[in-house]
Protein chains: 2
Amino acid sequence: MKKRLPPLNWLRSFEASARHLNFTQAAAELHMTQAAISQQIKGLEAQLGCALFKRLPRGLELTDAGRAYIPGVRESIEKLAVVTDEVFGKERSRTLTVRVNLVFFNHWLAPRLASFRAQHPDIGLRFTSNIWVAEPDKEADVEIRYGKGLWPGFTSNRLTWDDLIPVCSPILLNEQQPPASPDELSDHTLLHVIGYEEGWGFWLNQLGHHEVDSSQGVHFDSLMTAMEMAALGHGVALSRTSLAANMLASGRLIAPFDKPIATAESFFLATPVNQHSHPHVEAFRYWLIEQAEMDMPR
Amino acid sequence: MKKRLPPLNWLRSFEASARHLNFTQAAAELHMTQAAISQQIKGLEAQLGCALFKRLPRGLELTDAGRAYIPGVRESIEKLAVVTDEVFGKERSRTLTVRVNLVFFNHWLAPRLASFRAQHPDIGLRFTSNIWVAEPDKEADVEIRYGKGLWPGFTSNRLTWDDLIPVCSPILLNEQQPPASPDELSDHTLLHVIGYEEGWGFWLNQLGHHEVDSSQGVHFDSLMTAMEMAALGHGVALSRTSLAANMLASGRLIAPFDKPIATAESFFLATPVNQHSHPHVEAFRYWLIEQAEMDMPR
DNA sequence: ATGCTGCCATTAGTAAAACAATGCCTTGGT
DNA sequence: ACCAAGGCATTGTTTTACTAATGGCAGCAT
């Protein structure tokens with residue numbers, strides 16, 4: 001069944017011959033002799049069981065079978081040429097562009113990046129931040145997005161397995177003490193971030209604390225700024241475990257209660273499909289997934 | 001520049017090796033020896049200027065470059081396999097299905113079909129009639145459509161270059177005489193066909209005969225039936241030169257006036273793109289376009 | 001008609017793969 | 001620890017494929 005595919009070099013000769021309708025010119029293009037082409041076509045016709053060319057006294061003409069066959073063959077070979085050039089073309093050492101939102105970069109990616117730089121010191125990197133929704137600029141080789149991993153036209157790899165986690169400074173402004181239980185949150189400023197489906201309202205709801213007004217507080221458009229404000233003692237932010245780990249370890253933030261609520265959304269590596277077309281992209285993808293799997297539960 | 005493409009046989013070995021991650025198994029699949037695969041990969045890596053596999057003590061692993069390269073290579077080769085099978089697979093002598101509307105079949109295609117049958121006595125044919133609009137049944141290999149030749153997903157080849165031409169029987173019912181000029185059409189029954197943009201209203205308008213009521217008369221859903229009724233003396237039908245030629249020659253119809261109005265629409269051969277995948281289809285396409293070019297003006 | 005030219009097929013010789021056999025390295029089992 | 005097995009690289013030999021040269025055929029120009 002798989003045996004049906006003839007030697008691909010023969011198909012290349014066929015494609016060139018069909019284009020020129022002339023074995024001699026096809027041979028020149030492929031840096032071979034006319035005799036070689038002639039034999040290859042003969043072999044191809046023998047294997048396929050029917051003629052591809054009509055031999056005219058002055059040149060060639062495609063048979064019906066040849067005419068039916070050539071478009072698919074041409075497309076495939078053309079694609080091989082394009083792909084080969086994309087992957088191994090001249091600009092081998094171009095910089096890799098990664099679109100990643102600010103908070104993920106600062107609190108997850110940046111601390112690990114030294115490892116990638118060490119493994120691939122020759123790969124130039126460029127980071128551009130998207131706040132939330134991807135603009136349709138196709139300039140990034142890969143993106144890191146927050147969501148459920150379902151984006152048409154992209155293959156996605158999950159990077160984080162988060163719980164929602166309230167965080168605040170160990171020392172709050174106004175001489176307040178950090179809340180000892182969720183009930184006490186009504187006495188604190190809630191730091192909200194727009195753009196996440198699962199915010200304070202969701203978290204309080206999950207724990208049954210309906211008495212706290214989840215709409216009071218201050219709103220930010222990035223978890224980055226909200227966490228910074230929390231660290232400065234302005235209130236309590238609702239972070240994600242993967243993003244808070246760093247600041248919790250350093251003591252700039254504390255997690256006043258241990259009520260793990262899993263998130264339905266998480267961070268994903270999103271790669272445009274059919275565009276795995278540069279070794280640097282693959283290197284970064286591979287490294288990033290590897291890093292993520294170190295944190296994977298179980 | 002074109003020289004960038006390595007020998008395609010090497011790529012085939014690469015594809016199989018990447019799939020098995022094992023030269024020995026890849027060699028078995030391609031009916032070659034492990035040594036040959038090893039050498040081909042080595043050659044490929046040399047030409048591309050970088051390694052595709054990491055040689056591990058126990059098997060292989062793709063490098064970043066290999067991982068970036070393999071999807072395009074695999075797709076192309078897969079496509080070649082599919083196309084080869086489609087064109088030269090087992091059911092080599094299946095019947096060719098042509099969707100064509102009734103009037104075009106009877107008055108244009110049928111008279112010429114003997115020529116095709118003579119050239120290709122082995123090709124089985126099946127005709128299905130569409131009245132006007134194509135149903136989305138993809139069962140036809142090719143279609144003949146009336147329109148402007150712009151259908152997404154189809155490549156089209158123009159088959160006719162028509163004028164609108166009023167026709168009627170030389171002997172009308174009710175002892176009427178055929179009209180001598182368009183003015184006299186108001187005394188005759190107009191035979192309309194729905195589905196054509198350019199009907200009696202258009203024709204009379206183009207010639208400035210606004211005094212004739214273009215809405216009176218009898219309506220049909222196929223020019224076929226309208227022409228038959230005209231031949232039986234029931235009135236005057238608005239035909240197309242390419243479709244009336246036959247009956248005009250036989251004397252069953254006459255064209256009472258010589259006022260050529262070119263049509264914006266015409267008959268086209270419509271072939272689904274990327275589906276030129278059978279020699280029989282190509283044979284029919286080729287023959288049909290040849291036939292049409294015989295009638296082409298200039 | 002005649003000779004010239006372009007183009008494909010064929011044949012014999014040579015260069016290039018594929019084969020067969022062997023070596024080396026690592027892993028996994030006893 | 002040691003032996004067996006799996007797997008890739010390497011070497012010399014054989015087969016395959018390419019080359020170079022020649023012949024044949026049909027247009028085209030003189």
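Small disclaimer: the values here were computed from a predicted structure and weren't measured. Every chain is numbered from 1, with letters handed out A, B, ... down the list of sequences.
Residue pairs meeting the salt bridge (Lys or Arg N to Asp or Glu O under 4.0 Å) criterion with at least one partner in residues 36-47 of chain A, sequence neighbours excluded, are A:E45-A:R55.
Where DNA chain D meets chain A (any atom under 4.0 Å from a heavy atom), the bounding nucleotides read 5' to 3' are D:dC18 to D:dG27. Think of the region where chain B sits on DNA chain C: with heavy atoms and a 4.0 Å cut, that region ends 5' and 3' at C:dA18 to C:dT27.
Across the helix from C:dA1-D:dT30 to C:dT30-D:dA1, the helix axis at one end is tilted relative to the axis at the other end by 20° (nearest 10 degrees, each axis from five pairs).
For the pair A:K42 and B:Q39, both in contact range of DNA chain C, the more 5′-proximal nearest nucleotide belongs to A:K42. If A:W10 and B:L60 are placed on DNA chain D by their nearest nucleotide, the residue sitting closer to the 5' end is B:L60. Comparing A:P57 and A:N9 along DNA chain D, the residue whose closest nucleotide (by nearest heavy atom) sits nearer the 5' end is A:N9.
Contact annotation for B:T24: backbone-only contact, meaning every heavy-atom pair under 4.0 Å involves sugar-phosphate atoms and none involves a base. Heavy atoms of A:Q34 sit under 4.0 angstrom from at least one base atom. When heavy atoms are screened at a 4.0 angstrom cut-off, B:A36 is found touching the sugar-phosphate backbone but no base atom.
Ion pairing of A:E282 with A:R285 is present here, as a side-chain N (NZ or NE/NH1/NH2) and a carboxylate O approach within less than 4.0 Å. Salt bridge status for B:K79 with B:E75: absent, with no side-chain N to carboxylate O gap under 4.0 Å.
In this structure a side-chain-to-backbone donor-acceptor pair under 3.5 Å is missing from A:S13 to A:Q40.
A heavy-atom distance below 4.5 Å is not found between the side chains of A:W108 and A:V100. Side chains of B:L96 and B:V281 form a contact here, defined as non-hydrogen atoms less than 4.5 Å apart.
Aromatic ring pairs are classed by plane angle as parallel below 30°, tilted from 30° to 60° and perpendicular above 60°; the pair A:F267 and A:F104 is tilted.
Here CG of A:L8 is found 8.0 Å from CG of A:L80. Values are rounded to the nearest 0.5 Å.
Legend: residues meeting ring pair (Phe, Tyr, Trp, His ring centres under 6.0 Å) with A:F268, ordered by chain and number and at least two apart, are A:W151. With sequence neighbours excluded, the residues satisfying ring pair (Phe, Tyr, Trp, His ring centres under 6.0 Å) with A:F284 are A:F116, A:W287.
Between the side chains of A:S266 and A:D162, not a single donor N or O lies within less than 3.5 Å of an accepting N or O.
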